[in-house]
Amino acid sequence: MRLVDTTKLLELQNKPSNVRNICIVAHVDHGKTTLADSLISSNGIISQRMSGKLRYMDSRPDEQERGITMKSSSISLYHVLEKEEYLVNLIDSPGHIDFSSEVSTAVRLCDGAIVVVDVVEGVCPQTKLALKQAYSENIKAVLVLNKIDRLILEMKMNALDAYIHISQVLEQVNAIMGELFASDVLKTEENMIDKKQQDDISAKVQSEDNNYYDWTSALEDADDSTLYFSPEQGNVVFASAIDGWGFSIHTFAKLFSNKLGVKEEILKKVLWGDFYLNPKTKRFMKGAQEKAKKPLFVQVIFDNLWNVYETIVMRNEKDKVPVICEKLNIKLTTRDLRHTDSRVQLQSLMMQWLPLSTVVLNMVCKMLPSPKEILPERVEKLMCSPIRDFDSYSLETKNLKDDFLACDSSEDRPVIIFVSKMFSVDKNVLPENKPKALTLEEMAARRERARQIRQEKNATDLETTHENETKLENDSIEKCVEDEIEKENKDQPAFIAFARIFSGKIKKGSTIYVLGPKHDPNKILNLIDLKIDANKKLKDLQSDEHITIAQVKSLYILMGRELEEIDEGVAGNIIGIGGLDEYVLKTATLSSTIACPAFCEIQYAAVPILRVAVEPAYPSQLPQLVKGLKLLNQSDPCVQVLLQESGEHVLVTAGEVHLQRCLEDLKNIYAKIPLSVSEPIVPFRETIVDPPKIDMANEEIDSQNINKGNDISDPYIIMYTSNKQSKIKIKAKPLPKEITALLEKSTDLLKAISQHIKSLQGVSKNDNLENKLDKMQLNGTKNSLSERMLKLIEIFKSELQTICSKLGPEWENVVEQIWSVGPRNCGPNLLLNQTNDYKTKFLLHEKEIKEDPRFEYEGSFVNGFQLATLAGPLCEEPMMGVAFCVDEWTLEKNEQDDVNHTFGPLSGQIISAVKEACRRAFQTQPQRLMAAMYSCDIVVDQKVLGE
């Protein structure tokens, strides 16, 4: 039975300083869901005996079958610490690499994280990833060292060996934290130095000494006192979630302070580390390892723990169980004492002696921050992307930072909410659709109504009945049609937004702006005649529109498998929002002001790579499949749905387990039809290589061509538009690996530069170009780029120039020649401008735009290149590592032909011509298909090496 009802939870929601938003992260099978069960049992939602067996947060059937978590889910828990009441919003997240996107969506909403590590397996790949995700989002973490029972029962370690092993695991975790911290400090310091140098240059006071900097001082000065996991600080819990027990150093310091006659504060400092108890002097001494003494931690804690396990489980001495209970002041039921399974007896005893839920929730409430303690650095990270300056925003937008930090739900505060994902639930599960118990008054009213209907029916004569027969038949047909429509709507799942309120208060029935991921407040606030159509939905928006107005239909407290309906949500809480399924695709920002920027994009660790083609078993059911794929795309943050030119529907997922889950959902929930699925494949990349110099007989090919008098074919392709007004001369050549790697690393920057160029092209079609540029703000102030962007561009240019200088004269001028990158304006292919009479502007942002009739069609030229690199000629897969060199581009525009549109608009002809020219130039070179490589680190114990 639940300890508290919804009313109490709502009351606690209004005290943000007593709210804790946390998630549990770990490698797969390290015990996250078992730990979550234990915490949930503390609220009486499930029985303590069922924790670890029920897996309450795994509500899906396939999660229960496989024994792994696939979807992150939230629950609100009540906890009391030192007479202070707390509300803990707990999110259980998956540990499997295929579902790492779910971890990213969970971490974004939280202020703290519980990192769980299996002490036997130690630090695993997903542990490193979870720590990195938590650190990158600026959230504080605490550590649970789980499965200590395995050291006793499986590994057969003694208490001292277990202590040494656990110390090593703790060091591994802290080493990762130290790595993350060092790289972050050095990066921040570098930015500060650059800024200082720019200020010095502007003031003309820079001296030679300022060019030298001692990097070690940055790390020495940085405060890392709260960074590491240290048992004496109280941010580490030693536990066995399956047996339901856990403790921290503080737990035993409290238990033994009276017995040992030592102050609790002193015990907290000496219980962990190289301390031992001198039996003669009765004092704690340092140097246990040096003097071959048992550390105090082993002597006081682990020895007692090992004795309990050995007595009850390993030796099965049932007669000693009551004696142990008496010493520990624990009362076991007669049923537990008579139980034949010794492990059940142990669990009952340990749950009372060292309850896991109490120690973990105490640690969460003490060590992890409340929503009111959000860091200013985190707010800036949420409000702007890594390549953008926070100072580049308008004053109205920058003032919102204070609202984030205040975390206030007053009426005058703007509403700021982030939706990290959309999740689907059966409509029958929604509280408003559940049957409600009738009151005595309602039951009496129904009886009265039924009596009246019977009287009316008896009073009607036979003639009236006969006349109404035809009418009833028509009504029944109409009712059947209505029932069919209602059933179809009822079968479709409802979508709930998984959201966190950062500021303000949201009420049921209120209207709010839905800001898409590409929303830029600087552009919107500069528009004088801005009008937002309240009737528009996501599907109705144009490519340059990113704002809709939605009505909040329902609000929910998330309770694991259930939802509790509420009338309002306040700042600092994680809630569910209904009625946004037609306004939000995957993520969105909700706000009462359009000055609020879209939250920066969530960085997913896994990229969708495994693809299958799906089609309905019966062709007539294609509409259901299309609808089902749209719903699946909306409900899963890491799935992609593509429609090929051939009409084939392709599903792209993160891995095999993720693919199986998506197909099951499609069959059973979204499309509800039998499917025909192709064999899974991983995507290829199309590329070209240098022509071979030696044939299969190890003879030089060039000398053979010279001897036979053969001419080497011209690599250039000449292509004309259909109306012969434009001529394009282009060739393809392989891009060196170093340049390809740099392009892949700099995708965010390249995308931002391309967006800047497009904006310039968009306003260039009018005569008053200069006037328009003055009004524009392109990721900075006015028509200039922000300082941060300029700095990143300079770094990219210098890196590229360094690489090119080592590659020979052929690549010397690449920095000046870059016209575009593709596909999608951020890929690993280059379009190089090697023409003599036309200059382009990509990395050379300081260039002035000169009048040229070809400038109007530059966007069309680049679009042709983008289409060509997106789908190559071999198997319609994206290209990789190809440079297209444009040697000539002429344009002899005939206004009359352009008006008549004999061959269509010239812009469309240029797109087609460039695309075809790129594909043909690609085919003149030796072509190759690149397959994805699977890299895997296998870590094993030294004992099994060579077996």
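If you read the sequence from its start, that first residue is 1, and numbering goes on from there. Quick note: numbers below take in every heavy atom, side chains included, and nothing from hydrogens, waters or symmetry partners.
Put simply, the side chain of Arg561 gets close to the backbone of Tyr56: a donor and an acceptor are under 3.5 Å apart. No side-chain donor-acceptor contact under 3.5 Å links His96 to the backbone of Val28. The closest donor-acceptor contact from the side chain of Asp403 to the backbone of Ser503 lies at 3.5 Å or more, if one exists at all. At distances below 3.5 Å, at least one donor-acceptor pair connects side-chain atoms of Arg55 with backbone N or O atoms of Gly67. Looking only at distances, no side-chain donor or acceptor of Asn235 sits under 3.5 Å from a matching main-chain atom of Val142. Of the possible polar contacts, none joining the Asp92 side chain to the Met57 backbone as a donor-acceptor pair under 3.5 Å is found. With hydrogens and angles disregarded, a donor-acceptor distance shorter than 3.5 Å links the side chain of Asp426 to the backbone of Asn428. Remark: the backbone N or O of Val116 is not paired with any side-chain donor or acceptor of Asn146 at under 3.5 angstrom. For the pair Gln64 (side chain) and Asp58 (backbone), a donor-acceptor distance under 3.5 Å is present.
Each of Glu601, Glu137, Glu102 was checked for a salt bridge (charged side-chain N to carboxylate O under 4.0 Å, His left out) with Arg108, and the lone residue meeting it is Glu137. Of the candidates Arg661, Lys71, Lys421, Lys586, Asp636 forms a side chain to side chain donor-acceptor pair (under 3.5 Å) with just one, namely Arg661.
Within 6.0 Å of the NZ atom in Lys8, the count of heavy atoms belonging to other residues, nucleotides or ligands exceeds 12. Other residues, nucleotides and ligands place more than 12 heavy atoms under 6.0 Å from the NZ atom of Lys372. Within a 6.0 Å sphere centred on NZ of Lys53, other residues, nucleotides and ligands contribute more than 12 heavy atoms.
Remark: Leu555 CG to Glu565 CD distance equals 8.5 Å, nearest 0.5 Å. Separating the NE2 atom in His30 from the OG1 atom in Thr127 is a distance of 5.0 Å, to the nearest 0.5 Å.
Taking the ring centroids of Phe252 and Phe238, they lie at or beyond the 6.0 Å cut-off. In this structure, the ring of Phe418 has its center no less than 6.0 angstrom from the ring center of Phe404.
Between the side chains of Asp581 and Gln634, no donor-acceptor pair is found at a separation under 3.5 Å. Of the N and O atoms on the side chains of Asn362 and His250, not one donor lies less than 3.5 Å from an acceptor on the other residue. Neither side chain, Ser635 nor Ser424, offers a donor N or O lying under 3.5 Å from an acceptor on the other. Side-chain atoms of Gln133 and Ser136 form no donor-acceptor pair, as typed in the model, at a separation below 3.5 Å. Side-chain N/O atoms of Ser101 and Ser104 include no donor and acceptor closer than 3.5 Å.
Lys381 and Glu377 are not joined by a salt bridge, as no carboxylate oxygen comes within less than 4.0 angstrom of a charged side-chain nitrogen.
Side-chain contact between Leu145 and Phe229: absent, with no pair of heavy atoms (C-beta onward) separated by less than 4.5 Å.
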